Amino acid sequence: MTDFIREIVEEDLRNGTHKTVVTRFPPEPNGYLHIGHAKSICLNFGVAIEYGGHCNLRFDDTNPEKEEAEYARAIVDDVHWLGFDWGGEPLHASDYFDQLYAWAEHLINAGLAYVDSLSADEIRAHRGTLTEPGKESPYRNRSVEENLDLFRRMRDGALEDGAAVLRAKIDMASPNINLRDPVLYRIKHEDHHRTGGKWCIYPMYDYAHPLSDAIEGITHSLCTLEFEDHRPLYDWLIENVPVPWRPRQYEFARLNLNYTVMSKRKLLRLVTEGHVRGWDDPRMPTIAALRRRGYTPASIRNFAERVGVAKRENVIDVSLLEFSLREDLNLTAPRVMGVLRPLRVVIENFPEGESEEFESPNNPEDASMGTRKVPFSRVVYIERDDFMEDPPKKFFRLAPGREVRLRSAYFVTCTNTIKDDAGNIVELRATYDPATRGGDAPDGRRPKATLHWVSAEHAIDAEVRLYDRLFNVEDPEEGGDFLAHLNPHSLEVIEHAKLEPSVANAPRASRYQFERLGYFCVDRDSSAERLVFNRTATLKDTWAKVSGAAGS
RNA sequence: UGGGGAGUCGCCAAGUGGUAAGGCAGCGGCCUUUGGAGCCGCCAUUCGGAGGUUCGAAUCCUCCCUCCCCAGCCA
């Protein structure tokens, strides 16, 4: 695999610009990581691994108002879960606050930074617009001594929040607004989750980021497109601060996925307004949610690889994510039978009170995964959807008079339907052919369908949570109010699914394929008393597609 | 109307002057004790548009069009 970033890295290695590659993944601990971050993580760590370099996990913790240790813990967890390691403790921009402060004084001494006493509103007014140049602040030409004194008073807590800021002295007329004397430090009398009450001034991202990269010896600082026009400022700082190393910034397009939202602000709203049950609700696009839902780290890494890295805005189809998941789980998930919406079938010619066991493969794709025993008896449950009293043309499943195969068991023929007073089918009567034990007929006849089933007397009860997309339109942002597009049916809870007994002691987070239905994983809400499964993804169902197309 | 980016199949994405990779989705067919999986085939005479250079252009030049980002003491 290659992309323009890797080409740059290779070229730098080839021509001796760098002897090794050092990248970094720099999340702000103000929310949970989502699938978009996964792309960046896979890029940064992937490049480092591929070229024998190193990738740091560095928290960009320069704004104590929004950041929390809990988020930082979750982020460390998620990156590890994805399969990456940075050796040792994570790094923090806040580890460099002393150095960053010293360099700020350096800029002041060099006449390249000044303390501005204008208010936030006044600064905005002086900034100009996209088409008009800005105006210089009346405080722009304070002496070095005055600036130093003021900046130290800012640091020492003598000034209120908003009373002053430290600004770079660059060019108020620059067509690039980021160069119109950007703010470097602001006053925030706020405790920081790591430095506590030590500081009451905090550096801005634009100031802290390039210098942190320099401190860490980052060779390639990879970020998203919206920072492209911050690069001149990034370079200005590297140029004008006596840094020990000169990192370079490269920008790539962030990942977007259809049928979901990706901005932290919107995800936070979904959580705080109760539209989902927390950051790791399996319907969320967060890594924690995908993990809880049953996604594998490998599937997400493969997805990130397939998506590619370029500078073009993109919206990836969720089906690609689902494909990557199925591809992995198909090979690794043990098969099991479970019935979501049970319909009783009484096999009238099977002796009452007796039962037998069948050997069923744990994974037809991989014989080394072995087999398991599945009990069978006179009464079994099948899926309600697998029976139709008056089947249309292409419906191959069970119907009156029709013979189908019960997977790994026998051929059964439906002989009768039992209905309640309202006319609903409540039970089926059937006969089985003892000669078809194991699922093959000596005379070679082959039913058109094979159904999954569970022996009623052996079945275990479980809650199964079925998830659908959180939003019912491809682009929830369209029209302004993304909440208006929430899918009211994104969660359906099956209270009493019937599962084969082999899953009775399935540990949390273990993944299975329920044959013909999809991939399921044991939720963390699960207990010995009550098994709870999440449906990670459905299997492709050709009949659903045929009937769906015909029905609408 | 300032600056910075981007435009190749429904969605991604290779391609870097020699005659449009690949993946997902979709559509056919084969196979099947999961209507799963697998396998086979189809799916851009055309690269935002118009000119031009060239034996030859998605790739070079010119003009035009469209989309995205930037006016936080957020990142």
Side-chain angles (χ1 to χ4, degrees), chain A residues 2-3 26-28 30 60 62-63 65-67 116 118-120 123-125 127-134 161-167 174-180 182-188 201-202 204-206 208-209 223-232 251 253 255 258 264-265 303 305-324 326-327 330-331 335 337 360-361 363-365 394-397 405-409 411 436 438-440 446-452 474 513-518 538-546:
Chain A
T2 195
D3 51 65
E28 180 185 16
N30 69 343
D60 232 318
T62 57
N63 185 355
E65 279 172 3
K66 296 184 178 174
E67 297 153 7
D116 195 346
L118 250 26
S119 71
I123 286 180
R124 188 178 312 117
R127 191 149 31 222
T129 68
L130 295 178
T131 52
E132 304 158 37
D161 285 13
V165 291
L166 182 73
R167 291 231 255 172
S174 173
N176 180 343
I177 291 179
N178 297 112
L179 261 21
R180 318 240 261 231
V183 172
L184 267 21
Y185 268 90
R186 74 292 216 190
I187 302 168
K188 279 182 194 290
I201 57 171
Y202 293 93
M204 297 286 288
Y205 165 88
D206 278 326
H209 206 87
C223 65
T224 43
L225 254 28
E226 66 270 28
F227 294 102
E228 209 150 17
D229 38 49
H230 291 238
R231 191 179 346 122
E251 310 85 14
L255 169 74
N258 57 12
K264 281 191 196 171
R265 199 196 112 252
F303 169 71
E305 186 168 326
R306 271 191 261 258
V307 146
V309 179
K311 298 194 72 152
R312 194 181 310 164
E313 299 285 350
N314 59 81
V315 181
I316 307 297
D317 199 317
V318 270
S319 68
L320 184 61
L321 213 212
E322 290 168 352
F323 168 83
S324 300
R326 292 191 185 105
E327 170 189 57
N330 178 44
L331 265 25
R335 271 59 169 173
M337 289 193 285
S360 196
N363 189 339
E365 307 289 320
K394 290 181 177 167
F395 185 86
F396 303 139
R397 282 114 90 146
R405 172 167 42 225
L406 294 183
R407 164 122 245 228
S408 300
F411 291 2
T436 59
D440 280 307
R446 288 141 75 117
K448 297 269 274 184
T450 298
L451 309 187
H452 59 279
E474 275 200 45
Q513 183 196 95
F514 290 2
E515 288 204 50
R516 302 208 308 136
L517 295 178
T538 60
L539 246 29
K540 290 190 186 153
D541 180 345
T542 308
W543 166 247
K545 199 161 66 181
V546 169

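Computed from a predicted structure; not experimentally measured. Letters go in sequence order (proteins before strands), and every chain restarts at 1.
Both I123(A) and F395(A) sit near RNA chain B, but only F395(A) has its closest nucleotide nearer the 5' end. Taking the nucleotide of RNA chain B with the nearest heavy atom to each of E515(A) and D317(A), the more 5' of the two is matched to D317(A).
Taking the P atoms as reference points, U19(B) lies 33 Å from G26(B), given to the whole Å. The same atom, P, is picked in G48(B) and in C42(B); the two are 26 Å apart, to the nearest Å. Using P as the reference atom, U59(B) and A75(B) are 42 Å apart when rounded to the nearest Å. Nucleotides C12(B) and G28(B) have their P atoms positioned 25 Å apart, rounded to a whole Å. When the C1' atom is used for both G35(B) and C67(B), the distance is 42 Å, rounded to whole Å. With C1' as the reference atom, U16(B) and C73(B) are 45 Å apart, rounded to whole Å. Here, C27(B) and G10(B) have their P atoms 16 Å apart, quoted to the whole Å. The separation of C65(B) from A50(B), taken at their P atoms, amounts to 15 Å, rounded to a whole angstrom.
When all heavy atoms of R326(A) and T538(A) are compared, the pair lying nearest together is NE-O, 2.8 Å. Across all non-hydrogen atoms, the minimal contact from L184(A) to R167(A) is CD2-C, 3.9 Å.
In this structure, G7(B) forms a base pair with C65(B), meeting either the Watson-Crick or the G-U wobble geometry with both donor-acceptor distances under 3.5 Å. For G72(B), there is no paired nucleotide, since no Watson-Crick or G-U wobble pair has both relevant distances below 3.5 Å.
Base engagement by S119(A) is indicated by at least one non-hydrogen atom pair under 4.0 Å involving a base atom. Using a 4.0 Å heavy-atom criterion, one finds that P364(A) contacts the bases of the nucleic acid, with or without backbone contacts as well. Residue Y202(A) is out of contact with every strand shown, counting any heavy-atom pair closer than 4.0 Å. Heavy atoms of F323(A) sit under 4.0 angstrom from primed sugar atoms or phosphate atoms, though from no base atom. If you check every strand for non-hydrogen atoms under 4.0 Å, R127(A) touches sugar and phosphate atoms only. Within 4.0 Å (heavy atoms only), L118(A) reaches at least one base atom of the nucleic acid. Nucleic acid contact for H209(A): none, since no nucleic acid atom lies under 4.0 Å from a heavy atom of the residue. As judged by a 4.0 angstrom heavy-atom cut-off over every strand, A120(A) is placed among the base-contacting residues. Across all strands, V318(A) comes closer than 4.0 Å to no nucleic acid atom at all (heavy-atom distances). Within the 4.0 angstrom heavy-atom criterion, base atoms lie near D440(A).
Interatomic distance, Y202(A) OH to E65(A) CD, rounded to the nearest 0.5 Å: 9.5 Å.
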Report all interatomic pairs (protein N or O, nucleotide N or O of nucleotides 40-42 of chain B) with separations under 3.5 Å.
none

Close N/O contacts between protein and nucleotides 26-31 of chain B (under 3.5 Å):
from	atom 1	to	atom 2	distance (Å)
C27(B)	OP2	K545(A)	NZ	3.3

For nucleotides 6-9 of chain B, list the nitrogen or oxygen atoms of the protein found under 3.5 Å from its nitrogen or oxygen atoms, one pair per line.
from	atom 1	to	atom 2	distance (Å)
U8(B)	OP2	R312(A)	NH1	3.4
U8(B)	O4	R312(A)	NH2	3.3

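Phosphate contact (OP1/OP2 of U32(B), side-chain N/O of T450(A), threshold under 4.0 Å): absent. Phosphate proximity of G72(B) to R124(A): present, with a side-chain N or O under 4.0 Å from OP1 or OP2. Taking 4.0 angstrom as the limit, R186(A) places a side-chain polar atom (N or O) nearer than this to OP1 or OP2 of C74(B). Within the structure, every side-chain polar atom (N or O) of R326(A) is placed at least 4.0 Å from both OP1 and OP2 of A37(B). Put simply, T542(A) has a side-chain N or O that comes within less than 4.0 Å of OP1 or OP2 on G36(B).
No side-chain donor from either of N363(A) and E365(A) sits under 3.5 Å from a side-chain acceptor of the other. Between the side chains of D317(A) and S319(A), a donor-acceptor pair is found at a separation under 3.5 Å.
Taking 4.0 Å as the cut-off between side-chain N and carboxylate O, E322(A) and K540(A) do not count as a salt-bridged pair. A salt bridge does not link K66(A) with E28(A): every distance from a Lys NZ or Arg NE/NH1/NH2 to an Asp or Glu carboxylate oxygen is 4.0 Å or more.
For G72(B), the O4'-C1' to base torsion is within 90° of 0; the nucleotide is therefore syn.
Between A13(B), C70(B), C73(B), one nucleotide has an atom nearer to the side chain of V165(A) than all others, and that is C73(B). With G2(B), G36(B), A25(B) as the candidates, the nucleotide lying closest to the side chain of L539(A) is G36(B).
A donor-acceptor pair is defined here as one N or O able to donate and one able to accept, closer than 3.5 Å; no such pair exists between the side chain of S408(A) and the backbone of S360(A).
Aromatic ring pairs are classed by plane angle as parallel below 30°, tilted from 30° to 60° and perpendicular above 60°; the pair Y205(A) and F227(A) is tilted.
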